[in-house]
Amino acid sequence: MPARRKTYTENAKMSEFKSEFLQTLSERGFIHQCSDFAGLDALASRREVVAYVGYDCTAPSLHIGNLLSIMMLYWLQQSGGKPITLMGGGTTMVGDPSGKDETRPIRTREEIEDNKNSTRRVFAKLLSFGDGPSDAIMVDNAEWLLKLGYIDMLRDVGRHFSVNRMLTMDSVRLRLEREQEMSFIEFNYMVCQSYDYVELARRHGVNLQMGGSDQWGNIVTGVDLGRRMGTHQLFALTTPLLTTASGAKMGKTAQGAVWLNEEQFSAWDFWQFWRNTEDADVERFLKLFTILPMAEIARLAALQGSEINEAKKVLATEATALLHGRAAAENASETARKTFEEGVTADSLPTIEVPSGDLDAGVGLLGLLVLAGLAKSNGEARRHIQGGAVRVNDAPVGDERAQVSTANVDASGFVKLSVGRKKHVLVKPV
């Protein structure tokens with residue numbers, strides 16, 4: 001049987017871990033479930049943990065939910081363990097059904113390869129790669145999954161899986177309970193992920209798989225498969241579901257997902273995302289998404305009233321510095337200060353280009369708001385205008401038929417569009 005789910009609250013006596021790795025994860029709020037706290041703690045105390053997290057190549061960028069597990073790999077490396085990032089060149093061809101009500105789009109090998117090359121850049125910003133004992137390595141499960149023969153896979157791996165038990169796993173059970181179709185290829189995802197664990201154990205000595213709580217069933221099935229196929233002892237460790245204090249899913253904005261690549265989500269937008277954190281989430285996010293010392297986090301968490309905004313600015317700057325570099329983070333912070341505190345236009349705000357000829361003739365404000373990413377549709381833009389949230393060059397606009405033209409270009413050479421107090425985009429004539 002796979003390891004029984006053990007939540008951190010069930011193991012409160014384990015709050016005083018011996019290993020630096022689990023102590024750090026514990027005090028920063030990363031731990032939710034573990035297959036064997038005592039065994040993993042002993043392994044980590046000897047600095048013998050080799051852990052991996054898998055990342056499928058479904059998009060050209062990872063998102064903020066992935067950042068949580070990357071931070072776990074970061075703290076593992078800081079405590080002397082070896083992190084492995086597993087790129088899902090093979091599993092992406094199957095599609096993870098976890099948390100999805102419908103089958104993911106089937107992607108070609110070319111699309112998967114492009115996405116893999118685009119997403120892998122983020123890891124080097126937080127992990128040190130190399131040939132040393134604690135240096136990170138990157139592996140692609142296409143190396144073994146795409147070479148498997150179907151009958152061999154059924155005979156050597158598939159025979160260790162009970163369909164009865166697979167049907168109880170959340171990734172399958174929830175889909176069936178909602179009467180949403182699950183394809184046969186998706187049903188095999190659990191088998192592929194479990195086999196990844198076995199291959200990594202054999203090839204690289206991996207002994208821990210980490211991931212979000214929605215991956216618990218897949219991970220412990222891999223632990224069980226390793227036991228059945230004769231690997232060394234394997235462990236499972238998951239994080240809590242990432243939600244805000246208000247219960248909303250973490251990482252969604254009016255513009256969509258919070259991506260980690262700057263091409264999909266700029267350093268400015270990333271800084272703003274963290275600056276807009278709810279008051280109740282500041283301490284938790286400082287622990288999870290920055291590397292500030294715990295004493296400094298405690299000081300920031302103690303701020304009350306309007307002073308909490310200073311803690312939010314620190315959170316925004318430190319989280320952005322980790323991903324985009326200190327210079328980009330400080331530039332975003334200074335841009336925000338000029339824009340919101342001094343009331344001046346900062347030319348490092350997000351910028352879109354519009355042909356000068358179009359501006360000469362006049363461009364409809366509704367369409368321009370959509371083009372700037374300040375609204376998803378003309379209807380949403382219209383509602384923003386009707387609600388008094390839209391400004392052009394800081395002047396309120398209440399007419400949904402309004403146009404923006406060359407006459408609106410200010411002395412700095414831009415037109416500043418705003419929705420609310422915190423969303424601003426510059427329009428540049430070209």
Answer whether the closest heavy-atom distance between the side chains of [X] and [Y] falls below 4.5 Å.
{"X": "L369", "Y": "L365", "answer": "yes"}
{"X": "Y55", "Y": "T119", "answer": "no"}
{"X": "E27", "Y": "K287", "answer": "no"}
{"X": "V139", "Y": "W144", "answer": "yes"}
{"X": "I291", "Y": "E318", "answer": "no"}
{"X": "E199", "Y": "N141", "answer": "no"}
{"X": "E283", "Y": "I297", "answer": "yes"}
{"X": "I70", "Y": "V53", "answer": "no"}

Can you see which heavy atom on [X] is nearest to which on [Y], and at what distance?
{"X": "D41", "Y": "S19", "value": "OD1-OG, 2.6 Å"}
{"X": "G65", "Y": "L242", "value": "CA-CD2, 4.3 Å"}
{"X": "R227", "Y": "D224", "value": "NH2-OD1, 2.7 Å"}
{"X": "Q77", "Y": "D135", "value": "NE2-CA, 3.6 Å"}
{"X": "K423", "Y": "L374", "value": "CB-CD2, 3.8 Å"}
{"X": "T317", "Y": "S333", "value": "OG1-CB, 3.8 Å"}

Spacing of [atom1] belonging to [X] relative to [atom2] belonging to [Y], to within rounding of 0.5 Å:
{"X": "M87", "Y": "E113", "atom1": "CE", "atom2": "CD", "result": "9.5 Å"}
{"X": "I137", "Y": "D131", "atom1": "CD1", "atom2": "CG", "result": "9.5 Å"}
{"X": "Y197", "Y": "F235", "atom1": "OH", "atom2": "CZ", "result": "8.0 Å"}
{"X": "I112", "Y": "C57", "atom1": "CD1", "atom2": "SG", "result": "7.0 Å"}
{"X": "L368", "Y": "L417", "atom1": "CG", "atom2": "CG", "result": "5.0 Å"}
{"X": "L315", "Y": "I308", "atom1": "CG", "atom2": "CD1", "result": "10.0 Å"}

Around R109, counting heavy atoms of other residues, nucleotides and ligands shown, do more than 12 lie under 6.0 Å from its CZ?
no
Please indicate whether K125 has more than 12 foreign heavy atoms, meaning atoms of other residues, nucleotides or ligands, lying under 6.0 Å from its NZ.
yes
Does M93 form a side-chain contact (heavy atoms from CB on, under 4.5 Å) with L145? I'd like the steps, not just the answer.
CA-CA 10 Å; M93 298 186 71; L145 290 180; over 6 Å; no
So, [X] side chain and [Y] main chain: donor-acceptor pair closer than 3.5 Å or not?
{"X": "H384", "Y": "L366", "result": "no"}
{"X": "N218", "Y": "M190", "result": "no"}
{"X": "S118", "Y": "D114", "result": "no"}
{"X": "T92", "Y": "G89", "result": "no"}
{"X": "K312", "Y": "V282", "result": "no"}
{"X": "R391", "Y": "K416", "result": "no"}
{"X": "Q23", "Y": "F17", "result": "yes"}

Distance alone, cut at 3.5 Å: any donor-acceptor contact between the side chains of [X] and [Y]?
{"X": "T239", "Y": "H32", "value": "no"}
{"X": "Q215", "Y": "Q209", "value": "no"}
{"X": "T238", "Y": "Q33", "value": "yes"}
{"X": "D269", "Y": "S266", "value": "yes"}
{"X": "D196", "Y": "T91", "value": "no"}
{"X": "W268", "Y": "N331", "value": "no"}

May I have all residue pairs that pass ring-ring contact (aromatic ring centres under 6.0 Å, His included) and include part of residues 292-325, sequence neighbours excluded?
F270-H324
Is it true that [X] and [Y] have a side-chain N and a carboxylate O under 4.0 angstrom from each other?
{"X": "E111", "Y": "K116", "value": "no"}
{"X": "D56", "Y": "R107", "value": "no"}
{"X": "E20", "Y": "R47", "value": "yes"}

Applying side-chain contact (heavy atoms from CB on, under 4.5 Å) to F30 and T24, what does each step give before you reach the verdict?
CA-CA 9 Å; F30 284 95; T24 300; over 6 Å; no
Quick one: sort the W274 and F289 rings into parallel, tilted or perpendicular, breaks at 30° and 60°.
tilted
Would you list the pairs meeting salt bridge (charged side-chain N to carboxylate O under 4.0 Å, His left out) in which at least one residue belongs to residues 288-309, sequence neighbours left out?
E296-R299
Checking side-chain contact (heavy atoms from CB on, under 4.5 Å) for the pair R203/E143: CA distance, chi angles, key distance, verdict?
CA-CA 11 Å; R203 293 173 181 234; E143 292 178 25; 3.6 Å; yes
Would you check, one step at a time, whether the test side-chain contact (heavy atoms from CB on, under 4.5 Å) holds for L288 with L68?
CA-CA 7 Å; L288 293 174; L68 193 65; 3.9 Å; yes
Is the centre of the F123 ring less than 6.0 Å from the centre of the F129 ring?
no
